[in-house]
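Beneath this line is the structure, given in structure tokens, with notes to follow.
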Amino acid sequence: MQRLYRKRIVLGVGGGIAAYKSAELVRRLRDHGAEVRVVMTQGGREFITPLTLQALSGHPVHLDLLDPAAEAAMGHIELARWADLVLIAPATADLMARLAQGVADDLLTTLVLATNAPVALAPAMNQAMWADPATQANREQLLARGIRLFGPGSGSQACGDIGMGRMLEAEELARAAADCFETGLLTGKHLLITAGPTQENIDPVRYITNHSSGKMGFALAEAAAEAGARVTLVTGPVFLPTPDRVQRIDVVSARDMLAACEAAMPCDILIAAAAVADYRPEVVAPHKLKKDPSTGDGLLLQMVRNPDILATLAGRADRPFCVGFAAETENLLEYAARKLRDKNLDLIVANDVANPSIGFNSEDNAVSVIDRQQHETRFGQASKGHIARALVAFIAERYKES
Ligand code: PMT
């Protein structure tokens with residue numbers, strides 16, 4: 001189940017007898033490649049020890065909202081941003097009621113309010129409690145707010161009753177969690193995505209490049225594949241594994257990247273997340289450049305413009321829906337809007353790279369998308385995986401309207 005590979009899951013454990021299954025769930029999620037952080041309610045701790053879940057998840061369990069030591073290590077807002085999915089299993093009747101009311105009086109309920117990630121509950125309770133109109137009203141309210149419910153299942157219960165209210169088994173929950181990442185929004189579409197830096201050779205041993213790690217472009221490729229698209233990822237030199245179901249083409253220079261993109265055309269949507277070198281040395285020295293006493297301490301390199309890949313593809317007769325990125329250190333929105341116009345784009349993603357916690361080579365990002373009408377849509381700080389899924393959903397919607 002590749003869809004869980006490298007996904008960050010916050011597993012909330014509520015106070016029900018089904019909490020014993022949460023231990024197995026942590027194992028299953030990790031077996032499928034997910035990273036798991038566990039948050040327990042006070043009630044959850046009565047049924048299973050934090051130590052068990054710490055050993056299985058490989059991370060300290062998060063217990064209290066007002067624990068300065070835990071907050072210093074990874075605060076609740078950080079945890080909320082870190083998550084690609086918050087899965088609460090078991091979700092008791094009380095927890096469902098508190099979530100339906102938007103109560104935030106412990107770490108888990110606060111985290112649910114603070115996260116932008118999808119939230120899913122695996123209800124587990126006595127069959128009469130599940131059937132109670134109060135629980136059913138809470139269920140409706142949670143569903144209406146976009147919170148997903150996995151189960152419950154039906155069968156014999158720990159209390160001796162038979163009926164609805166059993167928590168699903170660990171493997172069923174892991175599958176349902178994986179399905180959260182499969183949107184089908186771009187089924188049948190071909191997406192061409194550029195990622196990473198380019199390298200422009202000076203001589204056989206030296207080159208000019210930039211700080212792009214490829215993380216943003218690769219996260220977009222993964223999200224697009226999960227949305228059902230056929231994805232071609234043209235990437236400069238990076239050290240990242242290829243996302244599942246993505247066709248990867250490795251290139252070095254801007255001119256290589258353009259050639260690979262042209263060969264991959266036609267496509268329905270182009271997302272240019274690569275940090276392409278605008279200039280390259282006019283001449284690549286055939287041998288390693290030696291220090292030249294006649295030039296003193298200086299070295300002059302004559303540079304020439306590289307082709308603009310995005311503008312070139314946006315200018316074609318079979319032009320795709322074009323999404324650019326603008327990495328800026330000042331006047332972010334103004335410069336991004338200018339690039340949208342100059343390169344004839346449909347959307348541009350403005351990326352403030354002056355902030356080291358987002359942008360180049362960081363785990364997180366925070367961006368604004370600007371459209372042709374100059375409307376700005378903000379995506380607040382979250383993991384690049386999370387931002388990528390939100391961007392892909394946004395782009396799919398705008399593409400369908402175009
Ligand atoms: O790779 P990461 O470490 O995860 O970092 C992500 C990122 C910061 C690199 C990414 O989010 C980003 O902002 N990419 C664009 C970087 C950039 O330098 O943009 P630009 O302002 O130079 O170019 C504007 C757009 O034109 C970009 O879509 C770029 O891909 C494209 N371009 C630029 C020059 C060129 N010769 N050809 C192009 O296609």
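- Judged by distance alone, with hydrogens and angles left aside, the side-chain atoms of N351 form no donor-acceptor pair with the main-chain N or O of V353 at under 3.5 Å.
- Look at K21 and E171 and you find no salt bridge, because none of the NZ, NE, NH1 or NH2 atoms lies under 4.0 Å from a carboxylate O.
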Practice task
Dump the intermediate steps for side chain to side chain contact (heavy atoms under 4.5 Å, CB included) on I387 and V367, then the final yes or no.
Solution key: CA-CA 8 Å; I387 295 279; V367 297; 4.2 Å; yes
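- Under the side chain to side chain donor-acceptor pair (under 3.5 Å) criterion, D132 pairs with no residue at all, not counting sequence neighbours.
- Under the rule for a salt bridge (charged side-chain N to carboxylate O under 4.0 Å, His left out), D352 has no partner lying at least two apart in sequence or in another chain.
- Checking side-chain atoms of R398 against main-chain N and O of L347 turns up no donor-acceptor pair under 3.5 Å.
- For the pair T115 (side chain) and V112 (backbone), a donor-acceptor distance under 3.5 Å is absent.
- Side-chain contact, N138 with T135: no donor N or O sits under 3.5 Å from an acceptor N or O.
- Qualifying ring-ring contact (aromatic ring centres under 6.0 Å, His included) partners for F394, counting only residues two or more places apart in sequence or in other chains: F379.
- Among residue pairs with one or both ends in residues 273-285, none qualify as salt bridge (Lys or Arg N to Asp or Glu O under 4.0 Å); sequence neighbours excluded.
- A salt bridge does not link D342 with K339: every distance from a Lys NZ or Arg NE/NH1/NH2 to an Asp or Glu carboxylate oxygen is 4.0 Å or more.
- Proximity of a side-chain donor or acceptor of T92 to a complementary backbone N or O of G15 within less than 3.5 Å is not detected.
- For D364 and K215, the salt-bridge test fails: no basic side-chain N is under 4.0 Å from an acidic carboxylate O.
- When atom types are taken as modelled, the side chain of Q157 and the backbone of Q127 share a donor-acceptor pair closer than 3.5 angstrom.
- Between T109 and D105, the closest heavy-atom pair is OG1-N, 3.3 Å.
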Problem - Test log, rule salt bridge (charged side-chain N to carboxylate O under 4.0 Å, His left out), inputs E363 and R6 - result: CA-CA 12 Å; E363 292 307 313; R6 288 190 297 130; over 6 Å; no
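- Using a cut-off of 4.0 Å between Lys/Arg side-chain N and Asp/Glu carboxylate O, R45 and D64 are scored as salt-bridged.
- We find the CD1-CD distance between I147 and Q141 to be 9.5 Å, quoted to the nearest 0.5 Å.
- When the side chain to side chain donor-acceptor pair (under 3.5 Å) test is applied to N201, no partner is found at least two apart in sequence or on another chain.
- Within the 3.5 Å criterion, the main-chain N or O of S156 finds a donor-acceptor partner in the side chain of R166.
- In this structure, the side chain of E172 engages the main chain of E169 through a donor-acceptor pair within 3.5 Å.
- Judged by distance alone, the side chain of S22 and the main-chain N or O of L25 form no donor-acceptor pair under 3.5 Å.
- Between the side chains of R338 and N331, no donor-acceptor pair is found at a separation under 3.5 Å.
- Going from atom CD1 of I309 over to atom OG1 of T194 covers 6.5 Å, rounded to the nearest 0.5 Å.
- Side chain to side chain, S368 and E376 meet the donor-acceptor criterion of an N or O pair below 3.5 Å.
- Legend: ring pair (Phe, Tyr, Trp, His ring centres under 6.0 Å) pairs involving residues 173-227, not counting sequence neighbours: none detected.
- The pair R389-D84 meets the salt-bridge criterion, with a side-chain N (NZ, NE, NH1 or NH2) lying under 4.0 Å from an Asp/Glu carboxylate O.
- Side chain to side chain, N306 and E200 meet the donor-acceptor criterion of an N or O pair below 3.5 Å.
- Using a 4.0 Å cut-off between charged side-chain N and carboxylate O, K7 and E222 make a salt bridge.
- The distance from atom OG of S154 to atom CH2 of W130, rounded to the nearest 0.5 Å, is 12.0 Å.
- A salt bridge links D250 to R248: at least one charged side-chain nitrogen sits closer than 4.0 Å to a carboxylate oxygen.
- A salt bridge links R98 to D94: one of the charged nitrogens lies within less than 4.0 Å of a carboxylate oxygen.
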Handout entry: Derivation of the side chain to side chain contact (heavy atoms under 4.5 Å, CB included) call for L29 and L4
Key = CA-CA 7 Å; L29 293 170; L4 285 179; 4.0 Å; yes
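- With rounding to the nearest 0.5 Å, the separation of CZ in R148 from CG in D179 is 9.5 Å.
- Judged by distance alone, the side chain of R145 and the main-chain N or O of A100 form a donor-acceptor pair under 3.5 Å.
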Handout entry: side chain to side chain contact (heavy atoms under 4.5 Å, CB included) between V251 and T235, worked out
Key = CA-CA 6 Å; V251 296; T235 178; over 6 Å; no
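- Side-chain atoms of K400 come within 3.5 Å of backbone atoms of L185 as a donor-acceptor pair (strictly under, hydrogens ignored).
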Practice task
List the steps and the verdict of side-chain hydrogen bond (donor to acceptor under 3.5 Å, both in side chains) for S212 and N210.
Solution key: CA-CA 6 Å; S212 171; N210 59 65; 4.6 Å; no
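- Closest non-hydrogen pair, P123 versus L121, comes out as CD-O, 3.3 Å.
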